[in-house]
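These notes concern the structure reproduced below.
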Amino acid sequence: MDEDKIDEIIGCHGTDKSELITILQDVQAEYNWLPPDALRHIAKRLHVPLIEVFGIATFYKSFSLKPRGKHLVRVCLGTACHVRGGPRILETAERILDIKADETTADYEFTVESVNCLGCCALGPVMVVDNEYYGNLPPVKVERILRKYGHTSSSSSTSIKEEKS
Amino acid sequence: MNRRRIKSHSDLEKLRQEILAKRDLQKTRVAICAGTGCLALGAQKVITSFKEELKKQGLENTVEIRETGCPGFCEKGTIVVIYPEGFYYLQVQPGDVPEIVEKTLIEKEPVERLFYTDPITNEKAIYEDEIPFYKNQMRLLIGDNINIDPKKIEDYIAPGGYSALAKVLSEMSPEEVIEEVKSANLRGRGGGGFPAGRKWGTTRNAPGEPKYVIVNCDEGDPGAFMDRALMEGNPHSVIEGLIIGAYAIGACEGYIYVREEYPLAVENTSIAIEQARDYGLLGRDIMGSGFDFDVKIFRGAGAFVSGESSALMSSLEGKVGAPKPKYIHTSVKGLWNKPTNLNNVETWANVPLIINKGADWFNSIGTEGSKGTKIFSLVGKVNNTGLVEVPMGITLREIIYNIGGGIPSNKKFKAVQTGGPSGGCIPESFIDTPVDFDELTKLGSMMGSGGMIVMDEDTCMVDVAKYFTDFLVDESCGKCVPCREGLERMSEILTDICEGVGKEGDIELLEELSVVMKDTSMCALGRTAPNPVLTTIQYFRDEYDAHIEEKKCPAHVCKALIEYYIDGEKCTGCLACLKACPEGAISGEKEVVHTLNTEKCSKCGICYDTCKFDAVIIR
Ligand SMILES: Cc1cc2nc3c(=O)[nH]c(=O)nc-3n(C[C@H](O)[C@H](O)[C@H](O)COP(=O)(O)O)c2cc1C
Ligand code: SF4
Ligand code: SF4
Ligand code: SF4
Ligand code: FES
Ligand code: FES
């Protein structure tokens, strides 16, 4: 973690306590997750007890206290997507990458997360990789999309699974 | 663009005339939807193709490209409308662009295949008002979206934007504004339906300075995107409403709380605020009236419960966004313990209309207790999905069939879910119910903020109840026992039922838990959480019974209760399913009936999707 970078972010917003969430959002945008050292530093600079900073970082869903992969795969499980097969999209992504939701592949290439709604419900089921949206998505297309982001069947452990069976 | 401060009502009118004078209404304009839905379908590539093609043809100066917000028919995106003709093209792909340029822009001929085609009569609809999806709506709030580039304030001012604000500042006292909103009977669109004018009055009269006004664009209801379309597609309509409200209430600071899943809404709103400031519509001495007001954007960080008023205000203060007990209302003691008025995006967007057209006009639309229009997010198992704006009082049937075009693939309608996690599932027997705040509540559901999710025979109602309960287990803030523990227990019981280990008495236990949660939870999340469970029990008890007694899921959704097999009569032995199965559960040879090993099968459903001969069956 680069303390100067964090200070720079704090500098943009000031050290008023009410800026805490915004600062955490910007730090996460920088690092893709919230490194514990960054939280400590922010607590110190804003004169907020560390427990409060952790409280916020764990309460809000968009914060991650674990490092995330290079590509963030978000599958919508909102109601509209749920009734149109969202859970199967998630299962397919989990199977292809051989991780569960909220996990990251061993090579830190992919993180899979579920979200509650992305606001394009008319196109359900929806998956978003980084900031690209894929709507009306049948499960069979998931693999092809993940390949676009560098997934190869050997890069995950799907191949190991095949050996097992 | 050089923007000078507007100092009076007549200044605004002068500016409007200038903008209009620079516009040639006969100039060809290509309006392309650049809302989140269409962008997901590749709108950006369509826009780029148009730019390139126009350049190639030397038309870049004679044809205007306008990137607009969402007009509602997202299912059929990317939407492209050509003016002045008004040709309404649907599902436009980048590959269609050269033909549109050649035929429509140069030869002035339509590209017929891109028009809406009626699935039954095969008739084409050329213009917006011929398309059944639009024809049966009343689009007072989102109708202008296709004409507005949300990144250009001039597009909002040209048809009369900010004239309501000018009128208020030059002709009306704050009390008169509140009176007008009161007599319009505008009720909050965020779910509760509380009279907006009354709430404004409370905050105005509450002791304490400064006072705050807030736009709630947290839009937590999963499956709803009305607020996204307004905030992203026509941000100035919300901002104008907010400034009017601030003036009426006596607030000098405001916030727009936008959920973080809506980056485009944040972007467009930030630009809108900047541009409004440039014109002196925000900031000090607005339009020379002496009234000061400014607004900031706050990005939510992903918590459904933070959409609740007191929780949202805690969140704005940089704290955990959990609800507080409301011995005193937030209208009196809200943000930083100061009087604060919070309204939903759509509530604010109605305000300029009411000021311009009057309370009487607003009262002429809707039902006895619910006036005006409501935007719904019509999604799920319905042919025309998208945003629909209708007068209150229209029936569910009219929305689902006349506008939504009915259920796809000749499936049978089963239920429509309204009100999100606080609402319920309404069965076919009540499909002729008029939609307003009071009627849907009578059915055990509620109108909510506008999510309307259509379900067909392939939707399992126990699974839906479990879905909402699990959603709320995750989203409950955990402050009070009935909600925190009650939801967990409900989820356990529902999971048992879905997994085939439900037992007699489970339904009664769910009902008992519901009563306690309704009566004793601290905030509306817990108090309304049983609604999805109770309505599905009330209207679809037979499905619960099938799960519990026969260990069957009639809709073939609950994995533990279904099995895949291959029908020997239909299987052609094409090997497709065998190759696709990730578990190696299917065996067979070319042109020999395949067999499916249920022991190995993970019930992923891929074979079912793959088989072109309907030979894979679920039982
Ligand atoms: C758990 C919970 C979540 C809520 N989420 C939202 C929301 O996302 N958007 C919204 O406008 N109102 C939401 N509300 C309602 C707000 O508390 C509040 O009533 C509303 O924003 C007031 O605006 P209105 O009177 O214009 O509807 C929620 C309420 C609860 C209890
Ligand atoms: S009802 Fe639920 S969400 Fe509301 S305060 Fe209690 S625990 Fe929190
Ligand atoms: S449901 Fe999935 S695992 Fe089971 S046989 Fe079909 S493809 Fe294989
Ligand atoms: S895909 Fe269908 S037809 Fe082909 S082998 Fe499998 S079950 Fe038989
Ligand atoms: S429910 Fe999936 S995008 Fe809204
Ligand atoms: S986003 Fe384009 S029509 Fe809704």
Side-chain angles (χ1 to χ4, degrees), chain A residues 16-26 28 46 48 52 55-63 74 76-85 87-88 91-92 95-96 114-124 126-128 131-140 143 158 161-162 165, chain B residues 36-37 39-41 73-75 77 219-225 228 260-263 265 298-304 306 315-322 377-381 385-387 417 420 451 453-455 459 464 467-468 471 474-475 477 580 582-584 600 604-606 609-610:
Chain A
D16 193 88
K17 214 186 117 180
S18 63
E19 299 293 342
L20 183 51
I21 294 174
T22 310
I23 290 170
L24 292 180
Q25 282 169 332
D26 286 1
Q28 172 148 308
L46 268 64
V48 178
E52 214 172 292
I56 284 173
T58 50
F59 178 82
Y60 294 102
K61 292 233 153 45
S62 64
F63 295 128
R74 293 185 295 167
C76 179
L77 293 186
T79 323
C81 291
H82 179 86
V83 302
R84 288 220 213 166
R88 284 189 52 203
E91 281 163 24
T92 311
R95 183 171 46 72
I96 292 167
S114 66
V115 286
N116 282 334
C117 181
L118 295 154
C120 34
C121 324
L123 310 178
V126 181
M127 178 170 94
V128 178
N131 279 316
E132 296 241 25
Y133 290 69
Y134 300 92
N136 287 328
L137 185 66
V140 287
E143 182 150 17
T158 349
K161 205 162 172 189
E162 273 163 18
S165 62
Chain B
T36 302
L39 287 175
L41 293 170
F73 208 0
C74 316
E75 166 108 55
E219 193 150 71
D221 177 359
F225 62 109
R228 189 215 89 200
E260 67 120 17
E261 287 86 348
Y262 291 175
F298 185 92
R299 283 171 293 151
F304 172 69
S306 299
S315 189
L316 279 176
E317 292 170 6
K319 298 186 199 137
V320 164
S377 144
L378 182 65
V379 292
K381 306 286 188 64
T385 58
L387 283 188
Q417 208 280 345
I453 292 115
V454 181
M455 299 171 179
T459 315
V464 167
Y467 164 79
F468 280 114
F471 172 86
D474 275 353
E475 299 294 341
C477 82
E583 308 294 341
K600 278 190 181 173
C604 72
I606 288 177
D609 290 345
T610 311

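In what follows, chains are A, B, ... by sequence order, proteins preceding strands, each numbered from 1. No experiment lies behind these values; they were computed from the predicted model shown.
Counting heavy-atom pairs closer than 4.5 Å to chain B, the top residue among V128(A), L20(A), I56(A) is I56(A). Chain B forms more heavy-atom pairs under 4.5 Å with one residue of Y60(A), Y134(A), Y133(A) than with any other, namely Y60(A). Contact tally against chain A (heavy-atom pairs below 4.5 Å) for G386(B), G220(B), S315(B): the top residue is S315(B).
Contacts of F468(B) with chain A are made by side-chain atoms alone, with heavy-atom separations under 4.5 Å and no backbone atom involved. Residue R299(B) touches chain A through both its backbone and its side chain, counting heavy-atom pairs closer than 4.5 Å. Both the backbone and the side chain of I606(B) have a heavy atom closer than 4.5 Å to some heavy atom of chain A. Residue E19(A): no heavy atom, backbone or side chain, is found under 4.5 Å from chain B. Neither the backbone nor the side chain of F73(B) has a heavy atom closer than 4.5 Å to any heavy atom of chain A. In this structure, the portion of S306(B) lying under 4.5 Å from any heavy atom of chain A is its side chain and not its backbone. Proximity to chain A (any heavy atom under 4.5 Å) is shown, for A265(B), by neither the backbone nor the side chain. Proximity to chain A is absent for every atom of L387(B), based on heavy atoms less than 4.5 angstrom apart.
P87(A) is linked by a side chain to side chain contact (heavy atoms under 4.5 Å, CB included) to L77(A), H82(A), counting only residues two or more places apart in sequence or in another chain. For C76(A), the side chain to side chain contact (heavy atoms under 4.5 Å, CB included) test picks out C81(A), V115(A), L118(A), V126(A), with sequence neighbours left out.
With ring centers used as reference points, Y262(B) lies 6.0 Å or more from F225(B).
Under 3.5 Å, the side chains of N136(A) and E75(B) contain no donor-acceptor pair of N or O atoms.
G37(B) and L123(A) get closest at one heavy-atom pair: O-CD1, 3.2 Å.
Contact annotation: the side chain of R228(B) approaches that of E219(B) to within less than 4.5 Å [non-hydrogen atoms, C-beta and beyond].
One N or O on the side chain of Q28(A) and one on the backbone of S62(A) form a donor-acceptor pair closer than 3.5 Å.
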